[in-house]
Amino acid sequence: MTAKTVPVDSFDLVIFGGTGDLALRKLLPGLLRRYADGQIPQDSRIIGVARDRQNGAEYRARIGEALEKITEAEPLLRARLPAFLQLLDYRPLDATREEGWEEFGELLKTTGPDRIRVFYLSTSPNLFVDLCSRLRDAGLNTGNARVVVEKPIGRDSASAAAINDAVGAAFAEHQTFRIDHYLGKETVQNLLALRFANILFEPLWNAGRIDHVQITVAETVGLEKRAGYYDSSGALRDMVQNHLLQLLCMVAMEPPATLQADALRDEKLKVLRSLKPITATEVSHVTVRGQYRAGASGGAAVPGYLDELGRPDSRTETFVAIKAEVANWRWAGAPFYLRTGKRLPERVSEIVVAFRPVPHSIFDASAGPAQPNRLVLRLQPDEGVKLWLMIKDPGPGGLRMKYVPLDMSFAEAFGVHQPEAYERLLMDVVRGNQSLFMRRDEVEAAWAWIDPILEAWEQLPEAPKPYTAGSWGPNAAVALIERDGRTWHEDTGT
Ligand code: NAP
């Protein structure tokens with residue numbers, strides 16, 4: 001069974017960085033899927049741009065080859081590939097040079113000024129300023145144009161403001177789509193549905209009933225091909241500032257009046273502004289920085305971060321754990337423990353809402369302990385929602401308790417293809433729906449909370465704490481939560 005899809009209007013989508021990793025692994029496969037589902041009209045155009053000199057036919061052949069590999073196990077998708085490739089074209093352009101932009105403008109203008117034009121900036125962020133000013137100079141920032149900005153948006157408040165100013169000089173805020181693909185995940189939508197389409201959870205959704213929340217985004221990979229970028233960034237900038245804080249907002253925000261983009265984003269902004277600042281004096285107590293040493297991943301020995309990087313002196317953190325507090329009426333007293341890192345034992349992203357224990361147990365000790373309820377929202381690898389409950393262990397004999405998950409992963413149960421985050425987000429951009437994209441003030445509020453942590457870390461004499469590749473980070477991360485009488489969630493299966 002496939003979910004119902006509503007076709008979007010015809011559009012021109014320009015992928016700056018159309019030969020890059022993101023375009024090949026996420027954007028073009030996502031577009032192919034939407035096309036195969038009948039959501040993209042045949043007269044739409046997808047134009048790849050990069051410096052590489054090649055023509056449209058060569059680009060189609062190159063992309064076709066890459067997509068063939070991806071669609072190997074999906075004959076229906078493969079069958080639609082030749083028609084999809086007809087939508088593709090290519091123009092060689094250098095963001096930093098004048099040549100070619102006029103002809104490029106002419107190519108786009110053939111579909112008229114009212115055409116939906118999407119400019120996806122899938123290049124290194126240091127090209128965003130050039131690209132936006134060239135698009136403006138070429139008169140391509142028309143009313144129906146939208147620009148998609150990939151992360152990272154800056155490395156602190158000041159650099160984020162500079163990027164936002166440059167984008168803002170060419171495109172209005174309602175045309176600017178700052179992407180955080182975590183927001184496009186099915187489970188995040190499900191969190192909205194669970195919270196705001198049911199009466200059950202909302203009365204319990206506060207520090208009076210919720211003990212704490214955990215947000216984990218764990219990767220098994222090391223540096224891959226991103227060494228230069230990653231070493232200048234680190235886990236706090238690369239993951240916490242955007243993905244983890246956005247997830248925190250979705251859990252913590254007040255019910256928005258509607259699902260309109262600004263109603264939702266106003267509520268997320270309030271959460272970001274309620275985050276209790278972490279001062280230099282407490283930074284060592286409520287944050288943990290780690291860096292992996294040699295160990296094992298997926299059964300194979302892997303080198304440590306410094307060896308992988310080829311620099312013995314880097315103090316960049318590849319792991320971070322933070323005890324964050326949302327200082328408002330709803331959440332005071334229920335901390336949010338955030339944890340992310342590379343070379344951890346599993347690739348998993350999940351939100352755990354840990355409820356408080358029952359106030360009094362009526363059961364004998366022989367029934368076993370009553371464990372507090374937990375709502376676990378898994379974003380990857382297997383998207384789904386589980387509500388952990390106590391039930392009576394079925395069968396004869398005395399009354400014994402059992403802790404079991406109520407599995408609410410309905411999409412899988414109904415055999416529905418769960419769209420990849422980029423699929424949904426790309427179609428939202430074409431529709432002009434900004435609900436799942438970050439507004440400028442959100443990005444800046446997130447940096448305003450992150451900046452003092454970065455500054456405080458800079459002042460610390462000690463380097464990030466070492467952890468063995470394949471472990472769950474430094475021991476200090478376990479101590480961070482256990483000091484409060486809590487533990488990191490472990491899925492004990494069914
Ligand atoms: P990438 O593989 O390095 O690709 C960069 C692309 O930009 C290439 O197509 C490159 O082609 C083109 N390019 C470089 N310099 C150019 C110039 N002067 N003018 C025009 N095009 C130029 O990078 P990526 O991994 O796809 O990442 C793209 C963006 O997405 C980055 O901002 C990254 O932070 C973000 N992002 C990526 C991922 C991911 O999974 N890859 C995830 C999240 C965010 P030529 O060299 O031929 O010009």
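Just so it is clear, the structure is predicted and the values come from calculations on it, not from any experiment. Whatever order the structure lists ligands and atoms in, that order sets their numbers, starting from 1.
- At a heavy-atom distance under 4.0 Å, only backbone atoms of Leu93 (N, CA, C or O) approach ligand 1.
- At the top of the distance list for atom 18 (N) of ligand 1, counting protein heavy atoms only, stands Asp94 OD1, 2.9 Å.
- The aromatic rings of Tyr422 and His181 lie parallel to each other, their planes meeting at an angle below 30°, with 60° marking the opposite boundary.
- Near Thr19, with a cut-off below 4.0 Å to any heavy atom, the atoms of ligand 1 are 8 (C), 9 (O), 11 (O).
- Looking from atom 7 (O) of ligand 1 to the surrounding protein, the closest heavy atom is Gly17 CA, 3.5 Å.
- Summary of contacts: the protein heavy atom closest to atom 28 (C) of ligand 1 is Ser122 O, 3.2 Å.
- The shortest contact between atom 2 (O) of ligand 1 and any protein heavy atom is with Asp21 N, 2.9 Å.
- In terms of polar-atom proximity, Thr96 is not counted as a contact of ligand 1, lacking any N or O under 3.5 Å from an N or O of the ligand.
- The part of Glu150 lying near ligand 1 is the side chain, judged by heavy-atom distances below 4.0 Å.
- For atom 47 (O) of ligand 1, the closest heavy atom belonging to the protein is Asp52 N, 3.4 Å.
- Contact analysis leaves Arg226 out of contact with ligand 1, as no non-hydrogen atom separation drops below 4.0 angstrom.
- If you number the atoms of ligand 1 from 1 as listed, the ones under 4.0 Å from a heavy atom of Arg25 come out as 39 (C), 40 (O), 41 (N).
- Using a 3.5 Å distance cut-off with no hydrogens or angles, the side chains of Asp238 and Tyr229 do pair a donor with an acceptor.
- With respect to atom 35 (C) of ligand 1, the closest heavy atom belonging to the protein is Lys151 O, 3.4 Å.
- Relative ring orientation between Phe84 and Tyr35 is described as tilted, the plane-to-plane angle lying within the 30° to 60° band.
- In terms of polar-atom proximity, Leu22 is counted as a contact of ligand 1, with an N or O under 3.5 Å from an N or O of the ligand.
- For the side-chain contact (heavy atoms from CB on, under 4.5 Å) criterion with Phe119, the lone passing option out of Leu140, Val149, Asp12, Val148 is Leu140.
- At least one N or O atom of Ala95 sits closer than 3.5 Å to an N or O atom of ligand 1.
- Remark: minimum distance from atom 46 (O) of ligand 1 to any protein heavy atom is reached at Arg51 NH2, 2.8 Å.
- Taking every heavy atom of Pro152 and a limit of under 4.0 angstrom, the matching atoms of ligand 1 come to 34 (O).
- If you number the atoms of ligand 1 from 1 as listed, the ones under 4.0 Å from a heavy atom of Pro125 come out as 32 (O).
- What sits closest to atom 4 (O) of ligand 1 on the protein, heavy atoms only, is Gly20 CA, 3.3 Å.
- Note: Tyr292 and Tyr467 have perpendicular aromatic rings, judged against thresholds of 30 and 60 degrees for the angle between ring planes.
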